[in-house]
Trainee: 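Pasting in a structure now, in structure tokens, and then I'll have a few things to ask.
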Amino acid sequence: MQRKRNERSTDLLEHFQPVQEADLAIHAKKIEELKQWLTAAKRQQHPANQILLITGPSGSGKSVCLKTLAKALGYSIHEWTTPVDVDLFYDDKFDFDDQEERKGRRPQKALFDEFLYKTSRYCSLFSDAAGESSKLLLVKDFPNSMLRSAEEFHDSLERYLDNSTDPIVFIATDTSSKSVDVAYNLFPPSVMESFQIHQIKFNAVSVTLLRKAIKRICGIIKADKEFSKQYQTVSSKLMEEDIVVSSQGDLRNCCLNYLFTCMKSEDGGRGLKRLRLDSSKSGSKAAKSSTGTSKKQHHPLGLNENLTIMHGLGRIFHPKFCQQDGETRFVHSPESIAECFLTQPSSLISLLHSNYVTRFTDILNVASAADSLTVVDGIMNEYRSDQLATYGLTVAVRSMMVNNEHPAHGFQPIRKKIKVQLHESTTSYSEELKKAGLILRPIPAQLLATEYKGYVSIIRKPMINKVQN
């Protein structure tokens, strides 16, 4: 028999969104800073309070904090959404063959300018006049054409300042790649200064605030009879701690993981099964052999273990092994360790450079590890593709774990990562390399100072010896 579908919204987080300021699981200083800007923008006392840029990692509560505070202060939020039913054409920087058929269609920039102009000029027929007295424009879904051409966005922003006095808020999520970073491409320091844009930076949510969000959701489920039919609160503190640790400061991820865990299945059990992410412990034989110690093991839900830098370096320099099917395998696979540091591959590789020599006891192993790191440096310096950094990180982690056959024991302090200081003479390296015929295209300054400087010194030594003789 088919279960009757619930008529409520399918958005899991819609019914658990904060209603007031006390429900927000965000740092109090960020809430107060945003509240002060919204209050000053409502009074329209200073032009610097007209544009706000909110940045931060994904799931840090940027949008929900803004909407909750704006609603409490009496704002009417008008959010821009890039149309998905509008075809892209030549004016949006796409080269199509049938340009004649698309001349009459409007580009994304025109639609965005129209949104800014009409929203600030006219009142909505679906809202009362009192609510429209304080408008707040929100843009977090930037048009694709403006991401490729920042000049178009700056032109639209300048027109908005000339024609409107309503405040506008831009929300940009931090990314590891600069090519898709909205704050880096559309809001450089010169634009921030010329347009008097105020910026508020959100940080990842702390563990204490994540627990607060789970506690609030648990209270809502217990108080609402309709929610109790679909969800059941998680009584295990260990599972709640798993959810908090695996979210890695992502508030949205934490709430969704908790709701999926609380969801009731048709057989009355939990709707979410815990996954084993380490490949070294997969397989039926390994599962049967580890039944005695499975109760002591701790596997977080969702993402893999939240490794810190120190914890990750410990697993790399002192790898643990286990026997499986007559073969020796890593307890923690190199791929699973590398996945925890995808947002900072260069930092981890630099720490490996600074600390790997003192972690080896065999000089032959040191030589093998040095050769592998040389290959990794070549991969990391290839600036044409950001994906190569992921491959370089995986190779570096695996080479350290495989080549370290006899790890050094005892306390060894972690040395800080290598910082390259670029001097004014760096430009002279490039000129000398061009004269020697080693390079034919421009090379980044850091690459010149770290690698090519050695080639220059090797070439210059025979020349100096000839002159002295």
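Reckoned from all heavy atoms, side chains included, excluding hydrogens, waters and symmetry mates. Count residues from 1 along the sequence.
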Trainee: Check whether S60 reaches the backbone of G56 with its side chain - one donor and one acceptor, N or O, closer than 3.5 Å.
Mentor: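 Not confirmed, S60 side chain does not pair with G56 backbone.
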Trainee: Would D113 and S156 count as a side chain to side chain donor-acceptor pair (under 3.5 Å) if you check the C-alpha gap in whole Å, the side-chain angles of each, and the deciding distance to 0.1 Å?
Mentor: CA-CA 6 Å; D113 291 341; S156 300; 2.6 Å; yes
Trainee: Side chain of R216, backbone of F16: donor and acceptor closer than 3.5 Å?
Mentor: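 A pair under 3.5 Å: yes.
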Trainee: Quick check for you: to the nearest 0.5 Å, what is the distance between F202 atom CZ and T55 atom OG1?
Mentor: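 Answer for the CZ-OG1 pair, F202 versus T55, is 9.0 Å.
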Trainee: Sub-3.5 Å donor-acceptor pair from the side chain of S350 to the main-chain atoms of S347, do we have one?
Mentor: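 Answer holds: no.
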Trainee: Show your working on side-chain contact (heavy atoms from CB on, under 4.5 Å) between L52 and L34 and close with a plain yes or no.
Mentor: CA-CA 9 Å; L52 173 65; L34 182 55; 3.5 Å; yes
Trainee: What's the verdict on salt bridge (Lys or Arg N to Asp or Glu O under 4.0 Å) for D155 and K109, showing C-alpha distance, side-chain angles and the deciding distance?
Mentor: CA-CA 10 Å; D155 178 68; K109 183 180 184 304; 3.2 Å; yes
Trainee: Verify, without hydrogens or angle tests, whether K35 (side chain) and L69 (backbone) share a donor-acceptor contact under 3.5 angstrom.
Mentor: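 Not confirmed, K35 side chain does not pair with L69 backbone.
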Trainee: If we ignore hydrogens and angles and just use 3.5 Å, is the side chain of Y75 paired with the main-chain N or O of K42 as donor and acceptor?
Mentor: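 Judged by distance alone, yes, a pair lies under 3.5 Å.
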Trainee: Is it true that the side chains of T394 and E335 contain a donor and an acceptor less than 3.5 Å apart?
Mentor: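 No donor-acceptor contact under 3.5 Å links the two side chains.
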Trainee: In terms of relative ring orientation, are F170 and F187 parallel, tilted or perpendicular, with 30° and 60° separating the classes?
Mentor: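 It falls in the tilted class, 30° to 60°.
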Trainee: Which of parallel (below 30°), tilted (30 to 60°) and perpendicular (above 60°) describes W80 and F115?
Mentor: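 The rings of W80 and F115 sit tilted, inter-plane angle from 30° to 60°.
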Trainee: Without swapping roles, check the side chain of S164 against the backbone of L161 for a donor-acceptor pair under 3.5 Å.
Mentor: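 Not at all, since once roles are kept as given, no pair shorter than 3.5 Å links the two residues.
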Trainee: Would D377 and H353 count as having a side-chain donor-acceptor pair, cut-off 3.5 Å?
Mentor: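 Looking only at side-chain atoms, H353 and D377 do form a donor-acceptor pair, the distance falling under 3.5 Å.
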Trainee: Do side-chain atoms of S149 reach the backbone of M146 as a donor and acceptor pair under 3.5 angstrom?
Mentor: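 Here the side-chain-to-backbone pair does not exist.
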Trainee: Of all heavy-atom pairs between S247 and L210, which one has the smallest distance, and what is that distance?
Mentor: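 Nearest pair, atom of S247 first, then L210: OG-CD1, 3.3 Å.
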Trainee: Decide yes or no for V139 and I171: does some side-chain heavy atom of the first lie under 4.5 Å from some side-chain heavy atom of the second?
Mentor: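 A side-chain contact under 4.5 Å is absent here.
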Trainee: Closest heavy-atom contact between Q50 and W37?
Mentor: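 Smallest heavy-atom distance, with atoms named: C-CZ2, 3.8 Å.
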Trainee: Would you confirm whether K140, through its side chain, and S63, through its main-chain N or O, come within 3.5 Å as a donor-acceptor pair?
Mentor: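 No, because the side chain of K140 does not come within donor-acceptor range (under 3.5 Å) of the backbone of S63.
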Trainee: If you compare all heavy atoms of E21 against all heavy atoms of T68, which two are closest, and at what distance to 0.1 Å?
Mentor: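 What the structure gives for the nearest pair is N-CG2, 4.3 Å.
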Trainee: Could you verify whether a donor N or O on one side chain and an acceptor N or O on the other, from S333 and S336, lie under 3.5 Å apart?
Mentor: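 Yes, because at least one side-chain N or O of S333 sits under 3.5 Å from a partner of the opposite role on S336.
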Trainee: For D181 and N185, test the side chains for any donor-to-acceptor distance below 3.5 angstrom and give the result as yes or no.
Mentor: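 There is no such pair between these side chains.
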Trainee: Please name the residue in the list C255, P57, S58 that meets the side chain to side chain contact (heavy atoms under 4.5 Å, CB included) test with D250.
Mentor: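 So the option named by the test is S58.
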Trainee: Should the pair F153 and F142 be assigned to parallel (<30°), tilted (30 to 60°) or perpendicular (>60°) ring geometry?
Mentor: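 Correct class here is perpendicular.
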